[in-house]
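No experiment lies behind these values; they were computed from the predicted model shown. Chain letters run A, B, ... following the sequence lines, proteins first, then strands; residues in each count from 1.
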Amino acid sequence: MSASSSSSLPLHTTPNFNPSHSSKSTKIKQIQSFKPTHKLHEQKQVESKSYFHQISSLCKQSQIKEAITLLTEMDFKNGCVYERALSTGQQIHARILKTGGFYSKNEYIETKLVIFYAKCDLLNVANQLFHKLEKKNVFSWAAIIGLCCRMGSNEKALMGFNEMHENGFLPDNFVLPNALKACSTLQMVGFGKGVHGYALKMGYNSCVFVSSSLVDMYGKCGLLDDANKVFDEIVDRNVVTWNSMIFSYAQNGMDEEALKVFYCMRMVDVEPTRVTVASFLSAAANVDAVDEGRQGHAIAILSGLELDSILGSSIINFYSKIGFIEDAELVFSNMVEKDVVTWNLLISGYVQQGKIEDALDSCRLMRSENFGFDSVTLTTILSASTKMRNVELGKECHGYCIRNNFDSDVVVANSIIEMYGKCESTGKARRVFEKTVQKDLTFWNTLIAAYAESGLSGEALKLFYQMQLEGVPPNVVSWNSVILGFLRNAQVTEAENIFSEMQCMEIQPNLITWTSLISGLAQNGHGDRPIHYFKEMQIRGLQPNTVSIISLLSACINVSSLEFGKAIHGYIIRRQFFSSLSILTSLVDMYAKCGNLYLARKFYNMVNYKELPIYNAMISGYSLHGQAGEAFEVFNRMQKENIEPDEITFTGLLSACDHTGLVEKGLKVFNDMISEYRMKPSMHHYGCMVSLLSRCGNLEEALRFVLEMPLEPDAQILGSILSACKEQNKIELGEYLSQYLFKLEPDNSGNYVALSNTYAAAGRWDEVLKLRNIMREKKRKKAKEKARLQLDSNRNRTPCVCCRR
DNA sequence: ATAGGGTTAG
C-alpha cells in the first residue's frame, strides 16, 4: 500500500495521511486515554453519517469510471478501518447512488458495499444496505453475521445463520467459525452441536479454521471430551488449534492437561504465540507449577514474543499467584503497554502477599498515570481490607464507591457487604444489603456467609428462610453457608441435619460442602467421622482439589490427628498431587504439628524453592516438640536464603524458648524482633515471654511484660503466671492479677483454680469462696446463652417453606 | 470473473 497509489486518487481529500500514525507512542497515548470501545463505535457512526450526507450532496455529477477506480482502490485497502478508508468508501458509495442505473443495482457492487460497511463496524449502515439488497448471497450474509459477532449481538448472528440456511444459502467455512463463536458466548451447546453436524455433512471439518473453532466452542461450553475428540481428528493443526485446546483445558480447571498439551505442541515444533504462552501460564499459575511457569516465561522471551498488555498480564498473574512478587514487579516495570488489568493484577499480587502498603501505593501510582479504578480494583482493595480486618480502609473504599457510583455494581456491592460482615459488624453489612435494589442470590449468599463465618448460625438460618419467603431459591452456596454456620458454632448435629435436608431437596453437595463438613467435624473433635465423609465423598465421584486437600490437612492440625493426616497423605500419593508447593507446605505443617518430625523434615528437604510458610511450619513443629536447637537452625537457614521472618516465625522461636526454658535466648529474640526486624510483638509473643519467665521463677520480669502488653492478658497467660504465684506463695501478685481474671470467660476454669489455690495456700477462704461463685455464675450465663441459641434455631425451623411438610 | 474467517489475563 504505497503512498503513490493513494495520491493518484482523483478524489483525494486528506493528502497528509501518514502511515506511521499507528506508531508506538500514539498507541500508548490511545491506551492511556482509555475509553470503552462501544462508545468509540457510536461516535464514529454519528460522524460518518453526517459526512456521508455531506458527500452525497456535494458529488452531483460523478462518473462511473471514477467510481470503479475508487472501488478497486478500496478493495486494495479492504480490512482497513481507518477513518480515511471509511470516507473514501463513503465517497464511492455516494457516487454510485448519484449515478444510479446499472451499478446501483449490480449484485457485486452492492454486496461489496455491505462488506465494506461491515468491515468498518458500522452496524446500522451495513444492516440497512443489507436489508435493501435485491439479491442476498453467501458473501453478504457472511459479512453481516461476522459483524453481529464482533458487535456482540450473538443472538442476531445465530438467527442470521438460520435465516440464510432457510433461504437456501449454504453457510460456508467462512461463516461457520463466527456461528460457533456466537454459540460459545451464548453457551448454546445444542446449537453448536447442530453446527458441528452441518460442518461434518458439508465436509467443512477439514478446514482448520472450522475445526479449531469447534475445539474452542466445546471448550468454552465445558465439553472437554468433545473438544479433545475434535482436536485429535485434526490432521494439519496450526497454532490456533493448539491454543484453543490449551486454553480449553485451562479455563475448565484441567490445568495439568493444559500443560501436557503445551508440551505436545513443543514436541511437534509449532511456534508458540502470545496466546499460547498466556494460556499456558494461567494453567501453570493454577497448579503452582513454579518451574513450568518460569519455562513459559523463558519461551516467551526466546521466541521474541512482544510483551503486550495481555501476555505481560498473564506473566504477572503467574508470578503473583505463586508468590514471586518481585518477579511480577520486574515484568510490570518492563511493560510499555499497561492497562487497567495489568495494574489490577499487580495490586492483587501485593494483596495476596499481605503487602497492603505496596498495594495502596500502586493504586496511587495508577491514578497518577491517569488510570481510573474499575470494579476489579475496588473489589481487590475491599478484599484486602477484609483480609487485614482493616475497617478504616474498607470504609474509605466504600466512600469512594458511593462517590463514583460503583456501589450499584453487583460485584463491588457484594465485596462491601462481605467486608462489613467479616470485619466489623454484621449489622452494617445488613444495612448495605437492605439498600441494594435488586437482592439477587449472590447478595443473600454473601450476607448468610458473613453470619455463618462468625458462627451466628441462628441468624444465618433466619436469612436462609427469609430469602425463600422473598422468592429467591437458595443454591448450593447458600446451603453450604448454613452448614458452615452450625459447624462454627459447634452444632454438629444441626449441620448434619441440614446436610441431609439439602440432599432431600435434590441439591447435590459440592466439593465445598464436603470439605467444610469434614474439616468442621475434625475441628469439633469427631475423630474418625471426617475420614468416613472423605471416603463417602469419593464414592460419590468427587475428587478433592488442591484447596480442599489443604483444608483437610489443616483440619488434622487442629485436632493433632496424625492418623487422619496419614490417610490424606496416602490419598495425595495415589493421586500424585505432588507438584504443588502449597500441598507440600501443608504436608510439612501437618507432620510437624501432628508429631512426625522425621517425615516433616523429609518433605521440607524435598522443596527446592522454599518460602516463608514452609520454614514457619518446621520452626513451629520443632518448637512444639521442644527441639529449640533445630528450630533455630531452620531460622538461620532461612536468614541465609534472605527470607524475611514474620510474626509466625517469632511465635515459633519464642515458644521454642518457652518450652525449653531458654530465658536468655528468649529475651534476645524478643528484643531482636523489635529493634532489628521492626515488628510489633503481638499478644502471643508477650504470652510466650510471660510463660517463659514465670516458669523460670522470674516473676518481677514476667509482671513487667504483662503490664507492657498491648491488650489485657488472656486466660492462658494469666494461667502461667498465676500458677507461678502459687508455687512461690506470691499472694499480693495473685490478688493484683485477679482484676484481669474476672473479665474473662470461664472457659479456662484452670485459672480460677490456680488463683483460688493461691488464696487457699494463704488461708484466704473468703476469697476462695468468692471465686467459686463468680465461676459458677459465669458458667450459668454461658449455658443460658447456648440454650437460647438452640431455641432460636428450632424456632426458625418452623416457617420453612422448602422442607417437606 | 468477483468478495471473507477462528484463539488471549482479572
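Comparing atom distances between the Ser212(A) side chain and each of dT8(B), dG10(B), dG6(B) picks out dG6(B) as nearest. For Ser213(A), counting side-chain heavy atoms from C-beta on, the closest listed nucleotide (dT8(B), dG10(B), dG6(B)) is dG6(B). Here the side chain of Asn317(A) is nearest to one of dG5(B), dG4(B), dA9(B), namely dA9(B). The Val240(A) side chain lies nearest to dG6(B) when the options are dG6(B), dA3(B), dA9(B). Here the nucleotide nearest the side chain of Asp216(A), chosen from dA9(B), dT7(B), dG4(B), is dT7(B).
The CG atom of Leu311(A) sits 14 Å away from the C1' atom of dT7(B) (whole-angstrom rounding). Taking atom CG of Leu147(A) as the reference point, atom C1' of dG4(B) lies 13 Å away to the nearest angstrom. Rounded to a whole Å, the CG atom of Asn137(A) is 12 Å from the P atom of dA3(B). Rounded to whole angstrom, the span from the CZ atom of Arg237(A) across to the P atom of dG6(B) amounts to 22 Å. Computed from coordinates, the Leu307(A) CG to dT8(B) P distance equals 19 Å when rounded to whole Å. Following rounding to the nearest Å, Met217(A) (CE) and dG6(B) (C1') show an atom-to-atom distance of 13 Å. Rounding to whole angstrom units, CH2 of residue Trp141(A) and C1' of dA3(B) are separated by 17 Å. Asn286(A) has its CG atom 12 Å from the P atom of dA9(B), to the nearest Å.
By the 30° and 60° cut-offs, the orientation of the rings of Phe324(A) relative to Tyr319(A) is parallel.
Annotation: side-chain contact (heavy atoms from CB on, under 4.5 Å) contacts of Asn405(A) (sequence neighbours excluded): none.
Leu345(A) comes within contact range of the sugar-phosphate backbone alone, with a heavy-atom separation under 4.0 Å but no base atom that close. The residue Thr111(A) sits close to a base: some heavy atom pair falls under 4.0 Å. Residue Asn243(A) is in base contact, counting any heavy-atom pair closer than 4.0 Å across all strands shown.
For dT8(B), one of the phosphate oxygens OP1 or OP2 lies less than 4.0 angstrom from a side-chain nitrogen or oxygen of Lys220(A). Here Lys119(A) reaches the OP1 or OP2 of dG5(B): one of its side-chain N or O atoms lies under 4.0 Å away.
Salt-bridge annotation for Lys181(A) and Asp216(A): absent, with no side-chain N of the basic residue lying under 4.0 Å from a carboxylate O of the acidic one. Here Arg364(A) pairs with Asp361(A) in a salt bridge; the nearest charged N to carboxylate O distance falls below 4.0 Å. Using a 4.0 Å cut-off between a side-chain N of Lys or Arg and a carboxylate O of Asp or Glu, Glu418(A) and Lys422(A) qualify as a salt bridge.
For His165(A) and Tyr198(A), the side-chain atoms include no donor-acceptor pair closer than 3.5 Å. Between Asn286(A) and Lys321(A), the side chains place a donor N or O and an acceptor N or O closer than 3.5 Å (distance only, hydrogens not considered).
Taken residue by residue, residues 157-187 of chain A places heavy atoms nearer than 4.0 Å to DNA chain B at Asp172(A), Asn173(A), Phe174(A), Pro177(A), Asn178(A), Lys181(A). Contacts between residues 259-280 of chain A and DNA chain B, counted as heavy-atom distances below 4.0 Å, involve Val275(A). The stretch residues 346-365 of chain A does not touch DNA chain B, since none of its heavy atoms comes less than 4.0 Å from the strand.
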Under 3.5 Å donor-acceptor pairs involving side-chain atoms of residues 134-147 of chain A, not counting sequence neighbours:
residue	atom	partner	partner atom	Å
Asn137(A)	OD1	Phe139(A)	N	3.1
Asn137(A)	OD1	Ser140(A)	N	2.9
Asn137(A)	OD1	Ser140(A)	OG	3.0
Asn137(A)	ND2	Glu107(A)	OE2	2.9
Asn137(A)	ND2	Thr111(A)	OG1	3.4
Ser140(A)	OG	Asn137(A)	N	3.1
Ser140(A)	OG	Asn137(A)	O	3.1

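Ring stacking is absent between Phe209(A) and dG6(B), as the pair misses the limits of under 5.5 Å between centres and under 30 degrees between planes.
Screening residues 346-355 of chain A for side-chain hydrogen bond (donor to acceptor under 3.5 Å, both in side chains), with sequence neighbours left out, gives Glu329(A)-Tyr350(A).
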